[in-house]
There are 2 protein chains.
Amino acid sequence: MSDLLQRLRDRGWRLTAQRRVVAEVLDGEHVHYTADEVHARATARLPEIARATVYNTLSELVTIGEVIEVSTADRAKRYDPNARHRHQHLVCSRCGTIRDVHPVGDPLAALPEGERFGFSISDATVTYRGLCPDCSTDCSTDCSTD
Amino acid sequence: MSDLLQRLRDRGWRLTAQRRVVAEVLDGEHVHYTADEVHARATARLPEIARATVYNTLSELVTIGEVIEVSTADRAKRYDPNARHRHQHLVCSRCGTIRDVHPVGDPLAALPEGERFGFSISDATVTYRGLCPDCSTDCSTDCSTD
DNA sequence: ATCCTACCTTGGACATTGTCTAAGTCAAGA
DNA sequence: TCTTGACTTAGACAATGTCCAAGGTAGGAT
């Protein structure tokens with residue numbers, strides 16, 4: 001992700017302040033922000049950036065494969081800048097925290113030919129769900145929630 | 001799913017016409033309707049049924065484990081009445097068709113202890129994506145899509 | 001059979017997330 | 001520095017889901 005801007009330039013992208021800011025927000029730690037969270041953080045650096053621009057830029061980053069779109073059970077999609085190393089996700093059922101995880105083996109290999117129904121399968125995503133350490137000890141709201 | 005109504009009664013549910021209709025829509029084939037599709041089909045049998053009632057009933061069925069909520073890349077969640085046999089899903093990237101599939105082995109076992117970060121993991125869902133037979137031969141719109 | 005009442009349904013307002021458009025702006029090449 | 005096509009903006013619109021107050025009804029009690 002670090003030289004994302006260079007890679008975008010190489011693709012002939014116009015390097016605008018808005019795109020730079022969105023890329024900076026996603027850069028660094030392994031975050032999984034929603035579009036709105038990206039927008040909030042982008043606004044902190046560039047107050048006049050429009051919501052539509054954030055959506056546009058995120059979609060473009062997804063299209064060119066620099067960012068992965070993650071659909072969890074929540075309504076909003078999340079955007080994962082860790083697109084260069086294959087991984088899966090571990091989601092807390094209570095607080096929604098997401099961690100990147102690396103299961104062993106190829107999940108695609110687990111699907112027998114007879115279960116493919118003529119599809120040409122290109123991808124398998126695995127989502128692990130459970131309670132994160134914080135949520136499994138803190139019963140203040142509801143320990144029975146999953 | 002066939003004696004769902006009986007099981008609901010056993011749980012002390014009030015058996016209303018609306019709930020019966022929603023259950024009937026989900027009964028039978030292995031469908032994966034959105035809430036709106038359920039509502040449309042329910043309306044055909046009980047014209048005055050409200051959208052909120054469909055949402056309420058679906059949520060309740062999910063809560064008690066009679067129906068599974070499936071989040072794909074699409075915006076709308078889908079509802080899968082095949083909750084009594086563990087399975088995963090195969091989704092067409094183009095047309096959105098969903099099939100139930102049965103990979104071998106337990107996906108949970110593929111996640112090493114060192115990759116669990118103290119979570120108590122309860123579930124692993126696998127989503128396979130690709131083109132269904134119809135969509136991989138029919139290039140009328142766009143064969144390059146995925 | 002009738003009544004009661006807690007639970008269910010209704011319609012519509014509202015919330016959230018995402019998409020589209022027309023008009024204005026600007027990055028980068030000439 | 002000029003030009004131009006790509007980018008951004010604000011706000012309307014669309015899709016999906018949630019909430020609430022008012023009225024209706026299933027099913028137990030009498």
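Source: prediction; values computed, not measured. Order of the sequence lines fixes the chain letters, A, B, ..., with proteins taken first and strands second; residue numbering starts at 1 for each chain.
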#### Entry: Rounded distance (Å) that lies between atom C1' of dA10(D) and atom NE2 of His39(A)
11 Å

### Query
Once you round it to whole Å, what is the distance between P of dC7(C) and CZ of Arg11(B)?
17 Å

### Query
Would you call Thr127(B) and Thr72(B) a side-chain contact if the rule is heavy atoms closer than 4.5 Å?
no

### Summary
In whole angstroms, the gap separating C1' of dT9(C) from CD of Glu60(B) amounts to 11 Å

#### Entry: Glu69(A) and Arg78(A) ion-paired at < 4.0 Å
no

### Query
Atom CG of Leu8(B) to atom P of dC8(C): distance rounded to whole Å?
11 Å

### Task
Figure out the CG/C1' separation between Leu15(B) and dC7(C), and round it to whole Å.
13 Å

#### Entry: Thr34(A) side chain vs Lys77(A) backbone, donor-acceptor pair below 3.5 Å
no

### Query
Within the structure shown, what part of the strands sits under 4.0 Å from Ala52(A) by heavy-atom distance: base, sugar-phosphate, or nothing?
base

### Query
Side chain of Arg75(B), base of dT17(C): donor and acceptor closer than 3.5 Å?
yes

### Query
DNA chain C: Asn56(B) or Ala76(A), which has the more 5' nearest nucleotide?
Asn56(B)

### Query
Taking the nucleotide of DNA chain D with the closest heavy atom to each, which residue, Arg9(B) or Lys77(B), is nearer the 5' end?
Lys77(B)

### Message
Heavy atoms only, 4.0 Å cut-off, all strands: where does Arg19(A) land among base, sugar-phosphate and nothing?
### Response
sugar-phosphate

### Query
Under 3.5 Å, is there an N or O donor on one side and an acceptor on the other linking the side chain of Arg51(B) and the base of dG11(C)?
no

### Query
In whole Å, what is the span from the CD atom of Glu37(A) to the P atom of dG18(C)?
11 Å

### First of Glu48(B) and Thr34(A) reached from the 5' end of DNA chain C, by closest nucleotide
Glu48(B)

### Query
Applying ring-ring contact (aromatic ring centres under 6.0 Å, His included), which residue pairs with at least one partner in residues 66-115 of chain B are found, sequence neighbours left out?
His32(B)-His89(B), His87(B)-His89(B)

### Task
Compare side-chain N and O positions of Gln18(B) against OP1 and OP2 of dT10(C) and report whether any pair is under 4.0 Å apart.
yes

#### Entry: Nucleotide of dT9(C), dG17(D), dT19(C) approaching Ala35(B) most closely (side-chain heavy atoms)
dG17(D)

### Query
Per the atom types in the model, does the base of dC7(C) pair as donor or acceptor with the side chain of Arg14(B) at under 3.5 Å?
yes

### Query
Which nucleotide sits closest to the side chain of Tyr55(A): dT9(C), dG18(C), dT10(C)?
dG18(C)

### N-O pairing of Arg86(B) and Asp123(B) below 4.0 Å
yes

#### Entry: Proximal nucleotide (of dC8(C), dT9(D), dA14(D)) relative to the Thr16(B) side chain
dC8(C)

### Query
How many Å lie between CG on Leu58(A) and P on dT17(C), as a whole number?
14 Å

### Rounded interatomic separation in angstrom, taking CG from Leu5(A) and P from dA27(C)
15 Å

